[in-house]
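Have a look at the structure below before the remarks.
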Amino acid sequence: MGMEQTWRWYGPSDPVTLADIRQAGATGIVTALHEIPIGEVWTVKALEERKQLIEWDESSTPRKPRGLTWSIIESIPVHEDIKQGKPTRDKWIANYKESIRNVGQVGIPVITYNWMPVVDWTRTNLELELEDGARALAFDMPEFAAFDLYMLHREGAEDSYPDEIKAMAKARFESMSSEQRYVLQKNIIAGLPGGQEGYSLDDFRSRLDNYRHIDSEKYRENLAYFLRKIIPVAVESGVKMAIHPDDPPKPLFGLPRVVSTESDLNFIVNVVDTIYNGLCFCTGSLGVRPDNDLPGMVERLGNKINFAHLRSTQRDQNDSFHEASHLRGDVDMFNVITAILKEQKKRHAANRRDEVIPMRADHGHTILDDLKKKTNPGYSAIGLLRGMAELRGLELGIEKSGLIYR
Ligand code: DNO
């Protein structure tokens, strides 16, 4: 049996409609109540309403099922006080637990979240033009350093980069127009779709300042504290948690990062050893590090994978990368999908109810007609449709080949 094909929908204002998603062949919806401020409780009423909207077409009487299910929440963001381990964290954790209970009551089986400090996923360029004219998301280290050193003027930034990156950053900054500098700043701190809030420069500096005394060890401890409190509630509520890896999987702005490597993931799943304390296996994020052996990680950590984000990244020079099409780039998608299907087989043999792992094609290129439209970066319909169609074809090929029985 194949994976569950899901699609991220940004809610009623998403230019990609539920009907579009159905036509793309997905059956699961991945979404969030983006309007709820970070830390507040997600009520049963608000969850129910959104679930009805997703699953039922009310435009005719009697109403008709759309053929879509709200399968995953991505994300319930974690309040910064919890991440920083502030004395007020228990109040926000109590809210988080309440939200988990409510999600369980409404019957949504998985919640995705991340443990990235201050910023969620980060890119410097949302429109890198590829040789075929498609646009891709990219992270350029010298540009990122130019922002950090010459626009943010972060204390300590000088020690964060090797000399050659600093020299490139300086040259890059000097050659940029004020418009280009503004776009760079906006890309980095104004918030990407579905991410944390956006910040102004001053606000951003003070947010970074909160981490002055938090090193990786402390930051990891804060995560363990959070997990010990929430996982028992997740178990009770029948809701599986799925932590998303750091994107990119390396420290930014001198902030701690503790969800980047296999040993980070091992630490996390062992804090409370249950399938309810699991992973969102994002191949594009983890794949930026050459030391992450993705198919091997699926083999070793497979029983804790509650959700898969399938996409590929291509490492470039100077610690930079861009998003490749789904079957190209550095991610060995063939062996990743083979390993996921083998994991599903094991679950089947063990009679696990969650035998089918939900996946979504993540971050497509902007192509064809979407180049003329306003779209959410990485989430335009046609590019994602291409990605999903490729992944689905690869999956079917692997299934038919009998490879997963070997
Ligand atoms: C980006 C996404 C992330 C992800 C969060 C999970 O496209 O993968 O924003 O949703 O990090 O909390």
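All values reported here derive from a predicted model rather than from experimental measurement. Order of listing sets the numbers, starting from 1, for every ligand and every atom in it.
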Counting non-hydrogen protein atoms only, what is the nearest one to atom 8 (O) of ligand 1? Give residue, atom name and distance.
His244 NE2, 3.1 Å
Ligand 1 atoms in contact with His309 (distance to a heavy atom under 4.0 Å):
8 (O)
Taking CZ in Arg328 as the centre, count heavy atoms belonging to other residues, nucleotides or ligands within less than 6.0 Å. Is the count above 12?
no
So which heavy atom in the protein is nearest atom 5 (C) of ligand 1, and how far is it from that ligand atom?
Asp120 OD2, 3.5 Å
Quick test: of every protein heavy atom, which one is nearest to atom 10 (O) of ligand 1, and how far off is it to 0.1 Å?
Glu74 OE2, 2.5 Å
With nothing but distance in play, are any N or O atoms of Thr112 less than 3.5 Å from an N or O of ligand 1?
no
Could you check atom 12 (O) of ligand 1 against the protein and tell me its nearest heavy-atom contact, residue, atom and distance included?
Ser75 OG, 2.7 Å
Applying a 4.0 Å heavy-atom criterion (strictly less than), which segment of Tyr379 is in contact with ligand 1: side chain, backbone, both, or neither?
side chain
Do Asp90 and Tyr225 make a side-chain contact, defined as non-hydrogen atoms from C-beta onward lying under 4.5 Å apart?
yes
Do you see a donor-acceptor pair shorter than 3.5 Å between the side chains of Asp332 and Asn335?
yes
Can you find a pair of side-chain heavy atoms, one from Glu395 and one from Met3, that are under 4.5 Å apart?
yes
For Ser160 and Arg154, does a side-chain donor sit closer than 3.5 Å to a side-chain acceptor?
yes
Atom 2 (C) of ligand 1: closest protein heavy atom, distance to 0.1 Å, is Arg8 NH1, 3.5 Å
Taking side chain to side chain contact (heavy atoms under 4.5 Å, CB included) as the criterion, tell me which of Ile231, Asn306, Ile243, Ile230 meets it with Asn277.
Ile231
Any pair with a residue in residues 347-393 that passes ring pair (Phe, Tyr, Trp, His ring centres under 6.0 Å), sequence neighbours left out, goes on the list, sorted by first then second residue, please.
Tyr10-Tyr379, Trp121-His363, His363-Tyr379
Working for salt bridge (charged side-chain N to carboxylate O under 4.0 Å, His left out), residues Arg8 and Glu74
CA-CA 8 Å; Arg8 188 177 201 173; Glu74 180 174 349; 3.4 Å; yes
Could you tell me which atoms of ligand 1, counted from 1 in the order shown, lie closer than 4.0 angstrom to a heavy atom of Tyr113?
12 (O)
What are the atoms of ligand 1, with element, lying closer than 4.0 Å to any heavy atom of Met116?
11 (O)
What's the shortest distance from atom 9 (O) of ligand 1 to any protein heavy atom, and which residue and atom give it?
Trp121 CD1, 3.1 Å
